[in-house]
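Side-chain atoms are counted along with the backbone in the values below, which use heavy atoms only and exclude waters and symmetry mates. The sequence lines fix the lettering, A, B, ..., with proteins before strands; numbering per chain opens at 1.
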Amino acid sequence: MPELPEVETVRRGLAPHLIGRSIESVTCYRPDLRYPLPDMDVLYGKTCRGISRRAKYLQFSFDHALLVWHLGMSGCFRVQHGNAAKLRHEHVRISLSGGECLSYIDPRRFGYAGLLPIDGWQQHPWFAALGPEPLGDSFDGEYLFSRCQGRKIAIKTLLMDASVVVGVGNIYACESLFRAGIHPARAANRISRQRLDLLVIAVREVLGEAIAAGGSTINDFAHVDGNPGYFAHNFQVYGRASKACLHCTTRIRRLVQSGRSTFYCPHCQH
DNA sequence: CTGAAGACCTGCCTGC
DNA sequence: TGCAGGCAGGTCTTCA
């Protein structure tokens, strides 16, 4: 479900429901997510001061702790009335002051959460090796070019490496490479600086447009209120194998790279 | 070291 | 209808 635009959409959706509210109780229906859930008793009575995002991690800040949550492949949050019936695949419910609750739903249970110190969380293994934010100033053509030197890896695989740049998952890697006209299997060290400049612009544009559209809904992604995101309507290549390229009508192809499906136009991308 | 593949887990879709 | 197989937004671990 979530790449950076979806996580950012969730963050924005949760903020008005959580900020300023305190946690009254936490119910774990299934604590065995990817990693065991942390003991959240220490948050009882504590007020959520803000929600931020680093890479695909949501960060709920409290006075003395940071609750970090990764949605994995299929995780999502829903805000609902505190007395609502348990949902299918709802693993955690956080009851909030004011009568609402925050439900975590995750069919595949690849998501995970942790309670980190408010100071020094950047040193935690989940964050220490992360590359720059794709929408931040330090992600530019010069940086990406430097990271491509000496790398024979396919550019699409490199783009999805969180130590290079965070937040670019399978969908947006495909879409960004299409927009930049770069073949996903091209070796990273065989792409000119000028073309990497275009790729950086494409990544920023695609992610920015997806955030503006409220994320992409494929199967089960939904906003915290249950409504879908709309960026999937704008996919140029993702999920369009054997369909006509919207620019040149050539059939879109699918290939597998590092175990992940890649979609590209063999005419538009080189 | 690099890069590719497997593992984690469940649901859904396709084809026989 | 039933069932096997393939596929799915991410990331960590293992292996060559």
Stacking check: are the rings of A:F110 and B:dC9 less than 5.5 Å apart at their centres and under 30 degrees in tilt?
->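 Here the ring of A:F110 and the base of B:dC9 are not stacked, as the 5.5 Å and 30° limits are not both satisfied.
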What orientation do A:Y57 and A:H70 show, parallel under 30°, tilted 30 to 60°, or perpendicular over 60°?
->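 Answer is perpendicular, since the angle exceeds 60°.
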Is the centre of the A:Y112 ring less than 6.0 Å from the centre of the A:W126 ring?
->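 Yes, the ring centres sit under 6.0 Å apart.
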Hey, mind stepping through A:R179 and A:E209 against salt bridge (charged side-chain N to carboxylate O under 4.0 Å, His left out) and telling me if it holds?
-> CA-CA 13 Å; A:R179 190 172 296 208; A:E209 290 168 19; 2.9 Å; yes
Kindly indicate, with the supporting measurements, whether the criterion side-chain contact (heavy atoms from CB on, under 4.5 Å) is fulfilled by A:L177 and A:Y264.
-> CA-CA 8 Å; A:L177 287 164; A:Y264 70 103; over 6 Å; no
What about A:R34, does its side chain sit under 3.5 Å from the base of C:dT11 through a donor-acceptor pair?
->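 Per atom types, the contact qualifies.
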Residue whose closest nucleotide on DNA chain C lies nearer the 5' end, A:P125 versus A:V256 =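 Going by which nucleotide is closer to the 5' end, it is A:V256.
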For [N] and [X] - does any side-chain N or O of the residue sit under 4.0 Å from the phosphate oxygens OP1/OP2?
X: A:H70; N: C:dG10; value: no
X: A:H89; N: B:dC9; value: no
X: A:Y112; N: C:dT11; value: no

May I have the distance from [X] (atom [atom1]) to [N] (atom [atom2]), rounded to whole angstrom?
X: A:R108; N: B:dT10; atom1: CZ; atom2: C1'; answer: 7 Å
X: A:D106; N: B:dC8; atom1: CG; atom2: P; answer: 17 Å
X: A:Q149; N: B:dT2; atom1: CD; atom2: C1'; answer: 16 Å

Could you tell me whether A:R151 contacts a base, only the sugar-phosphate backbone, or nothing, with contacts defined as non-hydrogen atoms closer than 4.0 Å?
->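 Sugar-phosphate contact only.
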A:E8 with A:R12: basic N within carboxylate O range, under 4.0 Å |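 Answer for the salt bridge query: yes.
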Determine the interatomic distance between P on C:dC3 and the same-named atom on B:dC9; round to the nearest Å.
->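 The answer is 23 Å between these two P atoms.
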Pairing stems for DNA chain C [at least three consecutive pairs; Watson-Crick or G-U; under 3.5 angstrom] =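 Correct response: B:2-8 with C:10-16, B:10-16 with C:2-8.
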